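Note that the coordinates shown come from a computational prediction; the quantities given were computed from them, not determined experimentally.
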Amino acid sequence: MGPFFAGIVADFAQHWPLYVSIPIVAALIGYGTKLVAIRMMFQPVEFIGVRPFLGWQGIVPKRAARMASIACDTMTEQLIKPAEIVARLDAGRIAKEIEKPLLAGVEDIVRGVAGHYQPGLWESLPVRVQRLVIERVQHESPRMVAAVLDLIKSDVDSVFDLKGMVVTSLVKDKRLLNRIFQEAGAKEFKFIARSGLVFGGAIGVVQMVAWMLFKFPPIMPVFGLFTGWFTDWLALRMIFYPIEPRRYFGVRWQGLFLKRRAEVAEAYGSLIAKEIITPHNVIEAILNGPLSDRVLALIQRQLDRELGSVAKPLLVFAVGSRKYQDMKLAISSQIMSRLPETMRYIEDYATDAMDIRNVLVSKMKQLSPKEFERLLRPAFEQDEWILIATGAVLGFAVGEAQVLVLEHLAA
């Protein structure tokens, strides 16, 4: 052994705790930068700092509208269609389920509207006529709701914007949007953090050898920068690539997220069915969403049809054609305003009938690997370079600190 290498061995024997600390610190750099990167993806939910540049908002909540739109495109184009959701509901069963709560309010609605539009006239009508109108509306209301539902089912896209409902929900509740990505990629995020320890430690061994040989201070920050950058980049690559299984040096490998398709499908389908595409949200979107005026028009048309044979001529005669139209609109509006509360009685039935969770899970398992990748990849694609650059900067800073510590302890 030459004098140069003998000197290195002696130096290592004398200062081995310092040298051993180098790969340990490198491993911690790899791990720490991953934790920071993951946190920066989702936190804080709202911008903290001084706009526009001095501050930070999590990448996913910052891009909430785009993230939600991308997630929804996959959901609505490849997993589930509005017509498929509503088609599973039986109009007759719904009419039967809501009959009692709906009828309870019909008499109040009719009396209130009639008294409002023609004070005193309603009371002056023969009781028989009053009861005829009320009973007619009461008798036909459940059937009217069933008929309106059948009309909705025949052209659901004209009254129900599923994508708009999902995007609105996720943009409004950014924490829920975070949860979708966090729960779908829970194991991938753990892998990213843990990979930092392994990759960082391996690079740290090379860093240690370089320091032993050259004692060149710039080595430490440069290696720190490389560790932070490379381990972030490699971890992201290993999650999503290759999309199809390949062999590398005899080892079969596929992106971790793609390998967990069945498990991710279960978690994703459960969350969407429980939090977003629920019977309550679907009904709310149909009755109070941007297309609700079309539903109101369907109710008015159906109400006019149901009153047509007997009650309409009597009402037109009593209050006039113009006021009859106004009364019909008011009755339709009040029936519609009560429907969300009334529809609560069908939510258990609708949950079973629509079976959103199992539909989503089964459809997700049928996606191609490329299509499946789009469920989580958007969370990383947006400003991904910032996460990698942050890891590099943090690694560089820690490397500078390492130099100071090593030189101080070695002195």
Side-chain angles (χ1 to χ4, degrees), residues 38 41-42 59-60 63-88 156-157 160-171 176-192 235-248 252-279 281-282 285 351-382 384:
I38 292 169
M41 289 180 62
F42 300 106
I59 290 175
V60 170
R63 310 288 189 190
R66 176 171 169 75
M67 293 286 188
S69 181
I70 292 172
C72 190
D73 283 342
T74 300
M75 192 186 308
T76 57
E77 291 175 10
Q78 297 169 318
L79 300 182
I80 196 163
K81 300 286 191 292
E84 185 176 5
I85 295 175
V86 179
R88 291 169 172 263
V156 67
D157 290 328
F160 178 39
D161 180 7
L162 176 60
K163 181 175 179 178
M165 181 195 82
V166 174
V167 171
T168 299
S169 297
L170 294 179
V171 171
L176 177 57
L177 180 62
N178 276 352
R179 280 182 58 201
I180 289 177
F181 289 109
Q182 288 171 325
E183 293 189 17
K187 291 192 175 181
E188 283 66 38
F189 293 123
K190 288 180 181 178
F191 169 80
I192 289 175
L236 291 174
R237 294 290 299 182
M238 293 181 70
I239 287 174
F240 296 106
Y241 298 101
I243 292 176
E244 299 286 353
R246 292 183 183 177
R247 287 193 173 275
Y248 298 94
R252 189 173 184 272
W253 184 262
Q254 182 182 19
L256 297 175
F257 185 66
L258 284 307
K259 289 175 65 176
R260 290 200 313 118
R261 291 177 62 183
E263 185 179 342
V264 172
E266 294 285 343
Y268 189 90
S270 296
L271 181 60
I272 297 299
K274 183 179 179 181
E275 301 285 353
I276 301 177
I277 309 181
T278 65
N281 289 348
V282 170
T351 299
D352 292 337
M354 292 162 67
D355 198 19
I356 299 297
R357 179 193 175 280
N358 289 328
V359 170
L360 285 173
V361 170
S362 63
K363 290 288 185 66
M364 285 178 67
K365 290 179 179 179
Q366 296 171 18
L367 293 176
S368 69
K370 182 64 178 176
E371 292 169 335
F372 193 83
E373 179 227 17
R374 301 310 302 166
L375 291 175
L376 187 63
R377 184 64 176 148
F380 293 92
E381 284 180 326
Q382 294 296 309
E384 183 177 284

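Closest non-hydrogen pair, Val171 versus Ala65, comes out as CG2-CA, 3.6 Å. Across all non-hydrogen atoms, the minimal contact from Ala64 to Leu177 is CA-CD2, 3.6 Å. Here the closest heavy-atom approach between residue Val60 and residue Phe42 is recorded as CG2-CE2, 3.7 Å.
Tyr268 has its side chain within reach of Met364: a pair of non-hydrogen atoms, C-beta onward, lies under 4.5 Å apart. Side-chain contact check for Met354 versus Val359: every heavy-atom pair is 4.5 Å or farther apart. Side-chain atoms of Ile272 and Val166, non-hydrogen and from C-beta on, never get closer than 4.5 Å to each other. At least one side-chain heavy atom of Pro242 sits less than 4.5 Å from a side-chain heavy atom of Trp253. The shortest distance between side-chain heavy atoms of Lys274 and Arg357 does not fall below 4.5 Å.
Counting non-hydrogen atoms of other residues, nucleotides and ligands closer than 6.0 Å to NZ of Lys187 gives a total of 12 or fewer.
Put simply, the side chain of Gln254 gets close to the backbone of Ile243: a donor and an acceptor are under 3.5 Å apart. Looking at Thr168, its side chain never comes within 3.5 Å of a backbone N or O of Met165 through a donor-acceptor pair.
Classification of Arg260 and Glu266 as a salt-bridged pair fails, no side-chain N sitting under 4.0 Å from a carboxylate O.
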